[in-house]
Structures are given as structure tokens and as C-alpha cells.
Amino acid sequence: MSSVLDVGRIDEKEFNSAIARGFAVLECFDQTHTEMTLSQVAARTNLSPATARRCLYTLRVLGYVRQDGRKFTLGARVLSLSSSYMRSSQIDEFLLPEVRSLVEAFGDAASVAILDDGMALYLAHTTRQSAVRPTAAVGVRYPAHATSLGKVLLANADSVTLNRYVGQAPFTPLTDRTLTGKKELLANLQEVKRLGYAIAVDELDYGIASIACPILDAEGQVVAAINSSGFSGRLTKTILIEERLPRLLQASRNITAKLSQYPVLVRTALSPQSAQRVGPI
């Protein structure tokens with residue numbers, strides 16, 4: 001399992017491993033691991049049972065973890081971290097209006113995501129869908145190669161990030177439409193880069209079709225992606241391109257214009273971890 005412990009090159013004198021271990025414990029909980037025993041937490045974080053126990057105890061005292069018998073779950077106080085981020089980064093003000101306009105135009109759903117450690121991390125999401133699985137939501141992460149958002153982000157990533165990601169191939173197929181091989185994925189990403197948009201149909205899960213395009217900063221660098229998605233039973237690639245792409249590109253341009261006026265948003269909200277430069281504090 002990838003975690004905040006996979007940090008690459010760091011200044012070991014400044015890096016606080018205890019804090020990193022605590023966040024690794026928080027991040028090991030997800031929709032398929034909502035409650036776990038101590039041994040399960042230790043296994044998912046690659047921590048020793050003793051270290052995992054101390055992390056869980058500290059987080060429980062602070063209110064970020066709850067304990068019921070031998071099982072641990074996230075505490076509601078975790079929400080305070082995300083709410084503080086949403087308020088300080090002003091994501092609702094800059095991203096949600098365009099996301100909502102796409103849903104008003106087409107129904108279905110729309111999202112904005114960044115690339116975070118090889119995953120498409122959702123920063124904004126609006127939907128009229130009530131029974132689509134898996135569920136997209138703010139804070140949810142999905143494998144980049146299986147989503148239209150992730151493909152746009154990978155196609156425009158720097159060579160180090162891209163090579164590191166595709167080097168993990170072959171990937172476990174999520175459906176029989178998922179691109180799993182290195183050659184086929186690279187070929188698809190080259191096409192995405194050439195076209196300026198990505199399409200994924202039944203690749204993340206059956207029944208989901210989406211089209212995404214990049215969001216740029218003032219320097220023309222891709223910092224995020226925006227998509228429109230719906231039911232693959234009625235959305236062909238042709239329909240996605242002809243009916244939704246023009247409006248999607250306009251939404252991207254609108255967000256890009258806002259970012260040029262507020263560059264701090266790029267630094268605080270849209271910069272993926274891999275692109276951040278860690279310097280002296």
C-alpha cells in the first residue's frame with residue numbers, strides 16, 4: 001500500500017518520521033477498510049505492531065481514531081483537517097461553479113482532480129447520479145490509468161513521474177476494459193497528449209463513461225483535470241466528444257482564467273505532492 005511514508009528524497013535531519021507514521025495510519029483507512037484491528041493496521045502501513053499501537057493510541061487520545069473492542073475506526077475529528085483545507089484553499093469558490101455548470105448542462109456528474117502519488121485525487125465533485133459505483137467524492141482517490149482524469153494528468157506529467165508510474169505495469173485489471181500493460185498505456189497517453197482530452201469507458205468500473213481535459217496555470221502547465229461522466233450504456237465516445245467536450249473545454253478555460261488571477265490557489269490546492277519542492281522552514 002502506498003502511503004505518506006513513500007516520500008522519496010527528503011532531508012532526514014528535518015523529516016519527522018513520527019508524524020509521517022501517524023498520517024500513514026490515518027490514510028490506511030478507506031472505503032474497503034473502514035474498521036481494522038491493530039495487526040491489520042500494522043500490515044497495511046508496514047509498521048511494527050508496537051509502533052502501530054502507539055500511533056493508534058495517540059490518534060485515539062486526540063480524537064482522530066475511535067476504538068471499539070479490538071477494532072479501530074476513523075473519528076469524526078478527521079473531518080476538521082479536510083474542512084480547514086477546503087476553506088483555506090477556496091476550492092468551493094474557484095472550482096465548484098464550473099463543476100456544477102457541467103452537471104446543469106448534462107446531468108450526470110462532473111469532477112476536478114489532481115495527480116497524487118499515482119492516483120487521481122478528487123478535489124471537487126457534483127453529481128445527480130444516485131446509483132453509480134464506485135462513488136466519486138471529494139478526497140476519493142482512484143488509479144490514474146483507469147480514469148479519464150488520471151489519463152490527462154499522466155499524459156501531461158513530467159517524465160520522471162510518468163516513468164515511475166508506468167514502471168509499475170502490468171496493473172491489476174479493474175474490468176476487462178482496463179489498460180494494464182505498459183506499451184498500451186503509454187500509447188494511449190501519447191494519444192491523450194496529442195488530442196488534448198481523455199476518454200474512459202468501463203475502465204474503472206462497468207457502467208461509467210467519462211471525458212476529461214486539462215486545467216492549466218498561468219504558465220500553461222497542467223495542474224489539474226476536469227471531467228464530465230455518466231452511464232456508459234448511453235454515452236458513446238462519439239457522444240462524449242461531440243456533445244460534452246466543447247463545454248468541458250470552456251469550463252477548463254474559465255478555471256484557468258481564475259487561476260491566473262489567484263496563483264496562490266495553484267500552490268496551495270492544485271500542486272501535486274510530487275511537484276512540491278521541500279525547502280527549509
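In this text, all values refer to a predicted model and were calculated from it rather than measured experimentally.
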- Search all heavy atoms of E184 against all heavy atoms of T180 and return the closest pair with its distance. OE2-N, 2.9 Å

- Nearest 0.5 Å, what's the CD-CG distance between E98 and N254? 4.0 Å

- Message: Measuring only between side-chain heavy atoms, which start at C-beta, is Q40 closer than 4.5 Å to C28?
- Response: no

- Could you go step by step and tell me if S210 and S229 meet the side-chain hydrogen bond (donor to acceptor under 3.5 Å, both in side chains) rule? CA-CA 4 Å; S210 64; S229 62; 5.9 Å; no

- Message: I need the minimum non-hydrogen distance between L216 and V223, along with the two atoms involved.
- Response: C-CG2, 4.2 Å

- Does K151 come within less than 4.0 Å of E203, counting only side-chain N to carboxylate O? yes

- Query: Taking a hydrophobic cluster as the set of Ile, Leu, Val, Met, Phe, Trp and Tyr residues connected by side-chain heavy atoms closer than 4.5 Å, whether directly or through intermediates, do I239 and I241 fall within one such cluster?
  - Reply: yes

- Item | Interatomic distance, D117 atom CG to Y165 atom OH [nearest 0.5 angstrom] | 10.0 Å

- Is the count of non-hydrogen atoms from other residues, nucleotides or ligands lying under 6.0 Å from R253 atom CZ greater than 12? yes

- Message: Looking at D158 and R164, is any side-chain nitrogen of the basic one under 4.0 Å from a carboxylate oxygen of the acidic one?
- Response: no

- At what distance, to the nearest 0.5 angstrom, does CZ of R54 lie from CG of L47? 9.5 Å

- Contact check, side chains of V201 and K237, non-hydrogen atoms, under 4.5 Å: yes

- Query: Taking C-beta and beyond as the side chain, do Y122 and I114 meet within less than 4.5 Å on heavy atoms?
  - Reply: no

- Kindly state whether the ring of Y206 and the ring of F231 have centres lying under 6.0 angstrom apart. no

- Item | Distance-only donor-acceptor check, side chains S48 and R53, under 3.5 Å | no

- Take atom CG of D68 as the centre, draw a 6.0 Å sphere, and report whether it contains more than 12 heavy atoms from other residues, nucleotides or ligands. no

- Measure up the H145 and F171 rings against each other and bin them: parallel (under 30°), tilted (30 to 60°), perpendicular (over 60°). parallel

- pair Y197-V192: side-chain heavy atoms closer than 4.5 Å: no

- Task: In sequence, state the C-alpha distance, the side-chain angles, and the governing distance for L115 and L121, and then conclude on side chain to side chain contact (heavy atoms under 4.5 Å, CB included).
- Result: CA-CA 6 Å; L115 189 64; L121 170 62; over 6 Å; no

- Task: Answer yes or no: are there more than 12 heavy-atom neighbours, outside R66 itself, under 6.0 Å from its atom CZ?
- Result: no

- Message: Restricting to non-hydrogen atoms, name the atom on C213 and the atom on G196 that form the minimum distance, rounded to 0.1 Å.
- Response: CB-O, 3.8 Å

- Within one Ile-Leu-Val-Met-Phe-Trp-Tyr cluster: V61 and V25, side-chain cutoff 4.5 Å: no

- Item | Residue of the set N156, L162, V152, L153 for which side-chain contact (heavy atoms from CB on, under 4.5 Å) holds with L189 | L162

- Message: Let me confirm one number: the CD-OG1 distance from Q250 to T256, rounded to the nearest 0.5 Å.
- Response: 10.5 Å

- Say whether I199 and L102 are linked into one hydrophobic cluster, either directly or through other cluster members, by side-chain heavy-atom distances under 4.5 angstrom. yes

- Message: Apply side-chain hydrogen bond (donor to acceptor under 3.5 Å, both in side chains) to residues S232 and D202 and explain how you reach the verdict.
- Response: CA-CA 7 Å; S232 63; D202 295 332; 2.7 Å; yes

- Message: So L245 and I211, do their side chains get closer than 4.5 Å, heavy atoms only?
- Response: yes

- Note on the structure: Distance col, row D108:CG vs R128:CZ, nearest 0.5 angstrom, shows 9.0 Å

- Taking C-beta and beyond as the side chain, do M36 and F72 meet within less than 4.5 Å on heavy atoms? no

- Item | Separation between OG of S252 and CG of N227, rounded to the nearest 0.5 Å | 12.0 Å

- Walk me through it: do H33 and R44 pass the test side chain to side chain contact (heavy atoms under 4.5 Å, CB included)? CA-CA 10 Å; H33 301 86; R44 279 184 57 76; 3.2 Å; yes

- Between R244 and S228, does any side-chain donor sit less than 3.5 Å from a side-chain acceptor? yes

- Indicate if M119 and L154 have the same hydrophobic cluster label, given that clusters are the connected sets of ILVMFWY residues with side-chain heavy-atom separations under 4.5 angstrom. no

- Do T37 and S39 have side-chain N/O donor and acceptor atoms under 3.5 Å apart? yes

- Could you state whether Y57 and V78 fall into the same hydrophobic cluster, counting links through intermediate Ile, Leu, Val, Met, Phe, Trp or Tyr residues with side-chain heavy atoms under 4.5 angstrom apart? no

- Message: Contact between F29 and V41 at the side-chain level, heavy atoms closer than 4.5 Å - yes or no?
- Response: yes

- Flag side-chain contact, heavy atom, 4.5 Å: T45 against R21: no

- Passes side chain to side chain contact (heavy atoms under 4.5 Å, CB included), T127 versus V103? Steps please. CA-CA 7 Å; T127 182; V103 174; 6.0 Å; no

- Looking at A224 and V112, what are the two nearest heavy atoms and their distance? CB-CG1, 4.2 Å

- Quick one: closest heavy-atom pair of T178 and T175, and the distance? OG1-N, 2.9 Å

- So which heavy atom on T73 is nearest to which on T34, and how close? CG2-O, 3.4 Å

